[in-house]
Amino acid sequence: MLKINEKNKIYALVDCNSFFCSCERLFRPELNNAPVGVLSNNDGCFVSLSKELKVLGVPMGTPYFKVKDVCMKNNVSVFSSNFSLYSNLSDRVMQTLSQFSPRMEVYSIDEAFLDLTGFKNLNEYARMIKKIVERNTGIPVSIGVSSSKTLAKLANHIAKKSKKAEGVVVLLDQSRQDIALSKTPIGKVWGIGRALEVKLQLMGLRTAKDFRDYKNDLYIKKMFTKVGLQIKEELQGYDRFSLEELTKPKKSIMCSRSFGTPIYKLEDLKKAVANYTSSAFESLRKQKSTCGEIGVFIRTSHHHRNKTYKATNYIKLLSPTSDSRKAISCANLILDRIYKKGYKYKKAGVYLNSLQQESKKQMSLFENYDDEKALKLMQVMDRINSIEGKGTLRVAACGAGNKAWAMNRNHLSPRYVSGWSNLKQVK
DNA sequence: TCTGGGGTCCTAGGACCC
DNA sequence: TCTGGGGTCCTAGGACCC
């Protein structure tokens with residue numbers, strides 16, 4: 001099999017600092033240097049912690065009741081989560097980021113990868129991105145730049161921690177990579193979770209550098225599957241998890257909640273699940289999919305041994321649907337099957353599986369470009385030129401297939417140049 | 001007493017077919 | 001009585017992420 005060995009990509013990972021906390025702070029500037037935390041549904045656990053709260057020794061995911069005292073004593077501002085606000089602000093951040101590269105992957109609500117391949121003065125460019133995002137949205141970000149997503153992620157991690165870095169780390173030369181990787185515990189590497197961490201440590205691999213330099217690839221593949229080997233190669237700087245610009249439609253959708261107060265009765269479960277079903281179907285219709293299978297689960301608390309019960313069951317639909325009323329009657333049927341009397345239910349949810357697109361017309365950002373997208377490309381070009389000098393990059397639009405790209409002049413092929421005049425006309 | 005919600009990908013193993 | 005072997009598809013469950 002051909003192994004592609006060129007390290008020719010450059011990715012930036014832009015990550016919002018303590019995102020939910022930062023969102024809350026936008027409306028309470030007086031909290032800017034104070035400890036802030038945001039809680040999950042039912043105010044269960046912390047899902048976002050400001051730097052000042054982390055310093056107090058509260059780890060991510062801690063149940064609130066366990067640290068309530070600490071919070072009171074230290075005057076911590078604790079918020080219930082407000083996801084519609086966060087998702088609004090996220091859109092604004094992403095919108096701003098899209099001005100800095102023609103290729104971008106929105107990875108999560110608070111993170112995006114930018115393809116900066118071919119760009120120069122990366123440090124300066126990244127600092128400009130950081131400054132402009134903060135100015136336009138009020139959300140502070142950290143940026144890590146390197147030749148694979150995994151390394152960019154690692155660089156970002158350092159950018160967050162190191163004071164000297166001031167929020168931006170470009171991790172490209174070998175000696176700096178060696179130092180950074182040798183200081184990174186193996187479990188901190190993106191894609192290495194608790195289970196793999198244990199296995200790797202048993203092999204004597206304690207740091208990211210140990211793993212990167214481990215010689216036996218076949219053994220890695222056997223022990224950690226294809227993905228494990230890919231992570232190792234990403235640490236070596238090879239691009240194995242390439243950028244995914246398209247926001248693909250979801251393959252499954254679920255909606256579930258824990259109950260603040262437990263539920264005992266079947267009819268109450270049915271009401272709750274009906275609500276979850278309608279909101280799951282809203283997402284389903286939004287991405288123009290139909291659903292071919294519906295599943296429901298109910299469970300008691302898993303934190304106490306005695307009298308636990310959990311059950312899941314599915315119904316396959318003869319004809320896929322996006323009509324939530326049909327789905328709700330299925331959900332009720334399932335609940336009739338799995339409900340057992342006498343239990344204290346703490347959580348329930350609905351799964352939508354076997355999703356299919358109603359129409360296959362999925363467009364990438366720059367496919368079927370229109371005036372607006374073309375103008376956006378011009379914007380990107382201006383940004384790039386402002387830092388690298390005019391003429392470094394050129395924006396071209398390709399007539400065939402209606403694709404438009406911004407690219408390095410050196411990589412400009414005649415095929416793309418042909419569309420150049422097109423785009424100028426648009427401007 | 002009180003412990004989130006929403007996803008993806010991969011593999012092993014069983015069912016089934018020829 | 002002896003009881004093959006290879007392929008595909010599906011599902012459950014584990015691992016990971018934010």
Side-chain angles (χ1 to χ4, degrees), chain A residues 13-20 37-49 58-69 71 78-83 86-87 90 105-113 149-150 153 156-157 186-200 221-231 234 240-241 244 247-262 272 275-276 279-280 282-284 287 292-293 295 297 299-305 308 310 312-314 316 344 346-355:
Chain A
L13 174 65
V14 185
D15 188 322
C16 302
N17 301 343
S18 305
F19 182 54
F20 300 164
V38 174
L39 298 172
S40 62
N41 173 251
N42 286 326
D43 295 343
C45 314
F46 278 103
V47 289
S48 180
L49 312 160
V58 175
M60 187 68 147
T62 313
Y64 181 43
F65 74 90
K66 282 192 179 172
V67 290
K68 213 166 182 172
D69 290 350
C71 292
V78 179
F79 294 88
S80 300
S81 45
N82 179 353
F83 276 94
Y86 308 150
S87 114
S90 170
E105 173 184 343
V106 177
Y107 179 72
S108 74
I109 193 163
D110 67 339
E111 280 172 79
F113 289 99
K149 283 178 164 181
T150 306
K153 195 91 183 167
N156 187 287
H157 191 71
I186 188 68
K188 292 274 180 208
V189 174
W190 191 39
I192 310 283
R194 279 238 291 281
L196 298 195
E197 182 184 10
V198 171
K199 280 200 209 170
L200 284 161
K221 195 169 175 184
K222 199 180 153 204
M223 291 287 287
F224 305 101
T225 75
K226 173 180 122 188
V227 182
L229 186 55
Q230 284 176 324
I231 295 173
E234 283 253 320
R240 293 290 181 262
F241 305 138
E244 287 174 28
T247 39
K248 294 182 194 150
K250 304 251 180 295
K251 295 174 178 173
S252 69
I253 292 173
M254 78 115 94
C255 180
S256 71
R257 293 282 181 282
S258 299
F259 307 129
T261 47
N275 280 331
Y276 306 157
S279 76
E282 263 178 49
S283 325
L284 183 79
Q287 67 166 34
E293 186 188 70
F297 76 88
R299 67 176 308 157
T300 56
S301 169
H302 58 284
H303 296 287
H304 310 286
R305 282 257 177 81
T308 62
K310 59 175 177 178
T312 314
N313 208 285
Y314 299 89
K316 280 204 165 64
K344 187 176 169 183
K346 285 293 288 180
K347 189 172 180 177
V350 60
Y351 300 109
L352 311 187
N353 294 334
S354 308
L355 306 191

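Here is the naming used below: chain letters follow the sequence lines, and residue numbers restart at 1 for every chain. Fair warning: this is a prediction, and the values are worked out from it, not measured in the lab.
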*Asks:* Rounded to whole angstroms, how far apart are CE on A:Met254 and P on C:dC17?
*Replies:* 18 Å

*Asks:* Using modelled atom types only, decide if a donor and an acceptor are shared between the side chain of A:Asn156 and the backbone of A:Leu13 within a distance under 3.5 Å.
*Replies:* yes

*Asks:* Take the protein atom NZ of A:Lys188 and the nucleotide atom P of C:dC18, then report the distance between them rounded to whole Å.
*Replies:*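 It is 11 Å, rounded to the nearest whole Å.
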
*Asks:* Which of these nucleotides, C:dC16, B:dG7, B:dG6, is closest to any side-chain atom of A:Lys250?
*Replies:*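 Given the options C:dC16, B:dG7, B:dG6, the side chain of A:Lys250 is closest to B:dG7.
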
*Asks:* Between B:dC9, B:dG7, B:dT3, which one does the side chain of A:Cys45 approach most closely?
*Replies:*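 Closest of the options to the side chain of A:Cys45: B:dT3.
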
*Asks:* Among B:dG4, B:dT3, B:dG6, which nucleotide sits nearest the side chain of A:Phe65?
*Replies:*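 For A:Phe65, the side-chain atoms sit closest to B:dT3.
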
*Asks:* Quick check: on DNA chain B, is the nucleotide nearest A:Arg257 upstream (toward 5') of the one nearest A:Thr225, or the reverse? Name the residue that is more 5'.
*Replies:* A:Arg257

*Asks:* Rounding to the closest angstrom, what is the interatomic distance between C:dG4 and B:dC16 at atom C1'?
*Replies:* 16 Å

*Asks:* Which nucleotide wins on minimum distance to the side chain of A:Pro63, given the candidates B:dT3, C:dC18, C:dC16?
*Replies:* B:dT3

*Asks:* Is the shortest side-chain N/O distance from A:Lys316 to OP1 or OP2 of C:dT11 below 4.0 Å?
*Replies:*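 The answer is yes; a side-chain N or O of A:Lys316 sits under 4.0 Å from OP1 or OP2.
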
*Asks:* Can you tell me the pairing partner of C:dG5 across any strand shown, Watson-Crick or G-U wobble, with both distances under 3.5 angstrom?
*Replies:* B:dC18

*Asks:* Please check: side-chain N/O of A:Ser90 versus main-chain N/O of A:Ile109, any donor-acceptor pairing under 3.5 Å?
*Replies:* yes

*Asks:* Which of these nucleotides, C:dC18, B:dG5, C:dC16, is closest to any side-chain atom of A:Glu111?
*Replies:* C:dC18

*Asks:* Mind calculating the distance between OH (A:Tyr276) and P (B:dG7) to the nearest angstrom?
*Replies:*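 It works out to 15 Å between those atoms.
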
*Asks:* Within less than 4.0 Å of OP1 or OP2 of B:dC2, is there a side-chain N or O belonging to A:Lys346?
*Replies:* no

*Asks:* I want to check one thing: is the phosphate of B:dG5, taken as OP1 and OP2, less than 4.0 Å away from some side-chain N or O of A:Ser40?
*Replies:* no

*Asks:* Roughly how many Å is it from CG in A:Asn42 to C1' in B:dT1, rounded to a whole number?
*Replies:*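 It is 14 Å, rounded to the nearest whole Å.
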
*Asks:* With respect to the side chain of A:Asp110, which nucleotide from B:dG6, C:dC18, C:dA15 is positioned closest?
*Replies:* C:dC18

*Asks:* Within the structure, does a side-chain N or O atom of A:Lys226 lie under 4.0 Å from either OP1 or OP2 of B:dC10?
*Replies:*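 Yes, such a contact exists.
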
*Asks:* Run the numbers on A:Phe20 and A:Phe79 for ring pair (Phe, Tyr, Trp, His ring centres under 6.0 Å), then give the verdict.
*Replies:* CA-CA 9 Å; A:Phe20 300 164; A:Phe79 294 88; over 10 Å; no

*Asks:* Between atom CZ in A:Phe241 and atom P in B:dT8, what is the gap in whole Å?
*Replies:* 17 Å

*Asks:* In whole angstrom, give the distance that lies between atom CZ of A:Arg240 and atom P of B:dC9.
*Replies:*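 Computing the A:Arg240:CZ to B:dC9:P distance gives 19 Å.
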
*Asks:* So, does A:Lys347 get its side chain near the phosphate of B:dT3, meaning an N or O under 4.0 Å from OP1 or OP2?
*Replies:* no

*Asks:* Ring-plane angle category for A:Phe113 and A:Tyr107, please: parallel below 30°, perpendicular beyond 60°, tilted otherwise.
*Replies:*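 Judged by the thresholds at 30° and 60°, the geometry between A:Phe113 and A:Tyr107 is perpendicular.
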
*Asks:* Let me see the working for A:Tyr314 and A:Ser354 under side-chain contact (heavy atoms from CB on, under 4.5 Å), right down to the final yes or no.
*Replies:* CA-CA 11 Å; A:Tyr314 299 89; A:Ser354 308; over 6 Å; no

*Asks:* Under 4.0 Å from OP1 or OP2 of B:dG6: is there any side-chain N or O of A:Ser256 that close?
*Replies:*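 Checking B:dG6 against A:Ser256, a side-chain N or O does come within under 4.0 Å of OP1 or OP2.
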
*Asks:* From CZ of A:Phe20 over to P of C:dC18, roughly how many Å is that when rounded to an integer?
*Replies:* 13 Å

*Asks:* Select one nucleotide: of C:dC18, B:dT8, B:dG6, the one nearest the side-chain heavy atoms of A:Lys251.
*Replies:*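 Minimum distance to the A:Lys251 side chain belongs to B:dT8.
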
*Asks:* Is a side-chain donor or acceptor of A:Lys153 paired with a backbone partner of A:Trp190 at a separation under 3.5 angstrom?
*Replies:*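 A pair under 3.5 Å: no.
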
